[in-house]
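Numbered from 1 within each chain, the chains take letters A, B, ... in sequence-line order.
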2 protein chains.
Amino acid sequence: MKDITPRLISLLKRGYCTPQIGRIAKQLAEPATTIHYNVKKLEKEGAVKSYKAVFNYKKIDEGFCCYVLINLSPDEYGNPERISADLAKHPEIESIDICTGDWELVLKVRTKDQDAYYNFIKNVISRKGVTKIKTLTSLKQIKTESVTI
Amino acid sequence: MKDITPRLISLLKRGYCTPQIGRIAKQLAEPATTIHYNVKKLEKEGAVKSYKAVFNYKKIDEGFCCYVLINLSPDEYGNPERISADLAKHPEIESIDICTGDWELVLKVRTKDQDAYYNFIKNVISRKGVTKIKTLTSLKQIKTESVTI
DNA sequence: GTCAATATTCGAATATTATTCAGTTAAATA
DNA sequence: TATTTAACTGAATAATATTCGAATATTGAC
């Protein structure tokens with residue numbers, strides 16, 4: 001039997017959802033057509049990037065979560081966007097920020113477990129350009145993607 | 001004229017969306033009823049927490065983003081969930097993680113600008129229980145909530 | 001391995017929900 | 001104040017999700 005779940009999760013993680021006009025209308029006590037108009041306006045302005053699902057990541061084999069703080073070598077330092085665009089392709093990486101302060105890059109990474117994380121670090125992060133890494137491991141997620149768990 | 005936008009954004013930021021069964025079905029080349037069944041299964045298992053919107057935060061007056069690394073005082077150290085649950089109420093905080101490593105709490109915070117962030121720190125973060133704070137300011141977001149910008 | 005129980009797939013019919021349209025009201029501009 | 005543009009809204013329509021029942025596949029007990 002074909003297992004649809006992984007492909008389904010992969011799509012829902014980044015998009016393939018849509019706002020519930022009727023439910024919003026009821027909640028805000030406004031006509032559905034008014035909500036529709038305003039939602040479309042937000043989309044047209046480019047204010048909305050995507051509609052997506054937030055998961056209980058333990059239940060989709062992504063229970064291990066951590067922040068990866070990265071220092072870049074002098075030659076990558078001037079162009080962090082190149083390495084970032086490359087990293088962005090990896091589905092394990094939930095977010096990538098180019099930062100000021102002690103660290104140039106901050107990643108949020110989700111893997112199945114510590115073993116999978118170790119492999120991820122070995123294969124993806126350990127590369128020329130990265131001079132120093134610090135990992136902050138999440139013991140418990142209280143809030144994620146604006147959703148309180 | 002009543003401005004619906006802020007209330008609309010507030011709802012979409014955390015939920016009030018739903019998967020697009022038909023579009024997923026087309027993408028995965030499976031019948032819509034099969035997709036429907038599998039989506040409902042994920043929901044029933046509790047694997048899906050919410051369906052929500054991801055924004056271009058610059059366009060919704062949340063252009064200033066940073067990570068806040070926090071050390072807790074010895075008395076809060078043993079029960080970080082209390083202070084976390086309290087922080088979770090604030091809409092400026094996108095995520096809260098209780099971590100190992102050099103910092104006990106990692107927050108991701110979005111405000112309009114640096115001034116708004118300063119006020120946020122003063123009013124929300126500076127409290128008994130927090131002994132040390134380090135802010136990593138995001139200069140550019142490459143990927144957010146699994147969505148590449 | 002065989003059989004029964006359970007879970008998954010799927011097409012056709014139905015129910016629900018979003019969207020369009022056209023008219024109205026409000027706001028901005030000159 | 002007149003004129004243009006943007007925002008709002010109800011009724012009709014279009015699009016989409018959901019239910020149902022039946023077929024197929026998987027799992028677990030013996």
Side-chain angles (χ1 to χ4, degrees), chain A residues 1-63 91 112-113 144-147, chain B residues 1-63 91 112-113 144-147:
Chain A
M1 192 170 280
K2 51 193 158 188
D3 189 8
I4 288 167
T5 313
R7 288 184 293 155
L8 184 53
I9 289 171
S10 164
L11 292 187
L12 289 176
K13 205 186 284 181
R14 49 199 164 86
Y16 289 88
C17 297
T18 193
Q20 293 181 288
I21 305 296
R23 207 153 78 83
I24 295 167
K26 196 166 287 177
Q27 179 67 27
L28 299 183
E30 302 286 350
T33 43
T34 301
I35 300 303
H36 182 261
Y37 175 84
N38 279 277
V39 166
K40 289 302 156 194
K41 190 160 77 90
L42 281 174
E43 292 176 2
K44 209 166 292 168
E45 289 166 349
V48 176
K49 274 288 159 199
S50 181
Y51 302 104
K52 59 152 287 183
V54 175
F55 294 94
N56 180 339
Y57 294 96
K58 282 183 196 165
K59 299 208 173 170
I60 60 166
D61 270 353
E62 299 185 20
K112 182 175 162 54
D113 52 29
T144 310
E145 296 151 276
S146 300
V147 177
Chain B
M1 194 169 282
K2 51 193 157 190
D3 191 6
I4 289 166
T5 313
R7 289 184 293 156
L8 185 54
I9 289 171
S10 164
L11 292 187
L12 289 175
K13 205 186 282 182
R14 50 199 165 86
Y16 289 88
C17 297
T18 193
Q20 293 180 289
I21 306 295
R23 206 153 78 83
I24 295 167
K26 197 166 285 175
Q27 180 66 27
L28 300 183
E30 302 286 352
T33 44
T34 301
I35 301 302
H36 182 261
Y37 175 84
N38 278 277
V39 167
K40 289 301 156 196
K41 190 162 75 92
L42 282 174
E43 291 176 2
K44 209 166 292 168
E45 290 167 348
V48 175
K49 274 288 159 200
S50 180
Y51 301 103
K52 58 153 287 183
V54 175
F55 293 95
N56 179 338
Y57 294 95
K58 283 183 196 166
K59 299 207 175 172
I60 61 166
D61 271 352
E62 298 185 21
K112 181 176 162 56
D113 51 31
T144 310
E145 297 152 274
S146 301
V147 178

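Rounded to an integer number of Å, the gap from A:Asp3 CG to C:dT9 C1' is 13 Å. Look at CD on A:Glu30: it is 10 Å from P on D:dG10, rounded to the nearest Å. Nucleotide D:dT19 holds its P atom 11 Å from the CD1 atom of B:Ile21, rounded to whole Å. Straight-line distance from the CD atom of A:Gln20 to the C1' atom of C:dT19: 16 Å, rounded to whole Å. Taking atom CD1 of B:Ile24 as the reference point, atom C1' of C:dC10 lies 17 Å away to the nearest angstrom. Rounded to an integer number of Å, the gap from B:Leu28 CG to C:dT8 P is 17 Å. Whole-Å rounding puts the B:Lys26 NZ to D:dA15 P distance at 11 Å.
Considering all non-hydrogen atoms of both residues, A:Gly15 and A:Ser50 come closest at CA-OG, 3.4 Å. Closest approach of B:Lys49 to A:Asn56, counting heavy atoms only: CG-N, 3.8 Å. The two atoms that bring A:Pro19 and A:Ile24 nearest to each other are CB-CD1, 4.3 Å, heavy atoms only. Contact detail for A:Cys17 and A:Ala53: the closest heavy-atom pair is SG-N, 4.1 Å. Listed here is the closest heavy atom pair of B:Ala47 and A:Ile60: CB-CG2, 4.0 Å.
Side-chain polar atoms of B:Tyr51 and B:Glu43 form a donor-acceptor pair below 3.5 angstrom.
Counting heavy atoms from C-beta outward, A:Leu42 and B:Ile9 have side chains that approach closer than 4.5 Å. For the pair A:Thr34/A:Asn38, a side-chain contact is recorded, criterion being any heavy-atom separation below 4.5 Å from C-beta on. Side-chain atoms of A:Phe55 and A:Glu62, non-hydrogen and from C-beta on, never get closer than 4.5 Å to each other.
Side chain of A:Thr18 to backbone of B:Gln20: no donor-acceptor contact under 3.5 angstrom is found.
End-to-end axis angle of the helix from C:dG1-D:dC30 to C:dA30-D:dT1, from C1' rotation axes over five pairs per end: 60° (rounded to 10 degrees).
DNA chain C is contacted by no residue of residues 42-60 of chain B, taking any non-hydrogen atom closer than 4.0 Å. Contacts between residues 32-41 of chain B and DNA chain C, defined by a heavy-atom separation below 4.0 Å, involve B:Thr33, B:Thr34, B:Tyr37, B:Asn38, B:Lys41, listed by number.
Between A:Lys52 and A:Glu145 there is a salt bridge, since a side-chain N of the basic residue sits under 4.0 Å from a carboxylate O of the acidic one.
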